[in-house]
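To start, I am sharing the structure in question, which I have written as structure tokens.
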Amino acid sequence: MRILPGYLPGHKLLVTISGLMEIFLGIGLCFPATKDLVVYSTICMLVFFLPVHLHMLINEKASMGLPKWMLILRIPLQFALIYWAYWYLRY
């Protein structure tokens with residue numbers, strides 16, 4: 001919860017919701033009828049996680065002791081994951 005920026009309310013609730021969403025989205029990928037909706041939802045979730053990665057990069061307490069290079073690498077990795085999710089719309 002400490003990795004969430006302070007301007008976001010209800011950290012515990014947000015962590016719980018995001019965890020549940022990850023589970024439901026993972027299950028939703030197993031069904032062709034929900035695949036496209038799940039891919040778009042996954043992309044939205046990954047975009048919403050970007051501020052968390054930036055917060056971890058600029059806030060030492062939120063960085064959890066991870067090396068700076070790793071925190072920097074997470075930003076382009078997030079965009080790669082967004083592209084990877086988008087790529088699944090073709091199949």
Between OG of S18 and CZ of F48, what distance do you get to the nearest 0.5 Å?
->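 One gets 12.5 Å once the value is rounded to the nearest 0.5 Å.
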Shortest non-hydrogen contact between T34 and G28, atoms and distance |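 Taking every non-hydrogen atom into account, OG1-O, 2.6 Å.
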Rounded to the nearest 0.5 Å, what separation is found between the CE atom of M70 and the CG atom of L77?
->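 Between atom CE of M70 and atom CG of L77 there are 11.0 Å.
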Are any non-hydrogen side-chain atoms of V52 and P5 less than 4.5 angstrom apart?
->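 When only atoms from C-beta onward are counted, P5 and V52 do touch, with a gap below 4.5 Å.
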How long is the gap from NZ on K61 to CE on M56, to the nearest 0.5 Å?
->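 It is 13.5 Å, given to the nearest 0.5 Å.
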Of the non-hydrogen atoms in L29 and K35, which two are nearest, and what is the gap between them?
->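 Reported closest heavy-atom pair: CD2-CG, 4.2 Å.
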What is the minimum heavy-atom distance between R74 and L66, and which atoms define it?
->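 Residues R74 and L66, closest heavy atoms: NH1-CD1, 4.1 Å.
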For residues P51 and Y7, determine if any side-chain heavy atom of one lies less than 4.5 Å from a side-chain heavy atom of the other.
->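 Yes - at least one pair of side-chain heavy atoms lies under 4.5 Å apart.
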Please answer whether the main-chain N or O of G6 pairs with a side-chain N or O of H11 as donor and acceptor at a distance below 3.5 Å.
-> no
In short, H55 meets I3 closest at the heavy-atom pair CD2-O, 3.1 Å
Can you name the nearest heavy-atom pair linking S63 to L71, along with the distance?
-> CB-CD1, 3.5 Å
Validation row: F24, V38 side chains within 4.5 angstrom (heavy atoms) | no
When hydrophobic residues are tied together by side-chain contacts of less than 4.5 Å, even through go-betweens, does L81 share a cluster with L89?
->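 L81 and L89: one cluster.
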I17, V47: one ILVMFWY side-chain cluster at the under-4.5 Å cut-off?
-> yes
Which pair of non-hydrogen atoms, one from V39 and one from A85, has the smallest distance, and what is that distance?
->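 Shortest heavy-atom contact: CG1-O, 3.0 Å.
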Flag yes if Y88 and M21 sit in one hydrophobic cluster, no otherwise; membership is Ile, Leu, Val, Met, Phe, Trp, Tyr, and two members link when side-chain heavy atoms are under 4.5 Å apart.
-> yes
Nearest 0.5 Å, what's the CG-CG distance between N59 and L54?
->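 The distance works out to 12.0 Å.
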Could you walk me through whether I75 and F79 pass the side chain to side chain contact (heavy atoms under 4.5 Å, CB included) test, one step at a time?
-> CA-CA 7 Å; I75 308 294; F79 287 103; 4.1 Å; yes
T42 versus E22: any side-chain heavy-atom pair under 4.5 Å?
-> no
Q78 and L46, any side-chain heavy atoms less than 4.5 Å apart = yes
So if you build clusters from Ile, Leu, Val, Met, Phe, Trp, Tyr with side-chain heavy-atom gaps below 4.5 Å, do I58 and M64 land together?
-> no
Drop me the distance from F49's CZ to I82's CD1, to the nearest 0.5 angstrom.
-> 11.0 Å
Given the rule that I, L, V, M, F, W and Y join up when any side-chain heavy atoms are under 4.5 Å apart, are L37 and L25 in one cluster?
->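 Each belongs to a different hydrophobic cluster.
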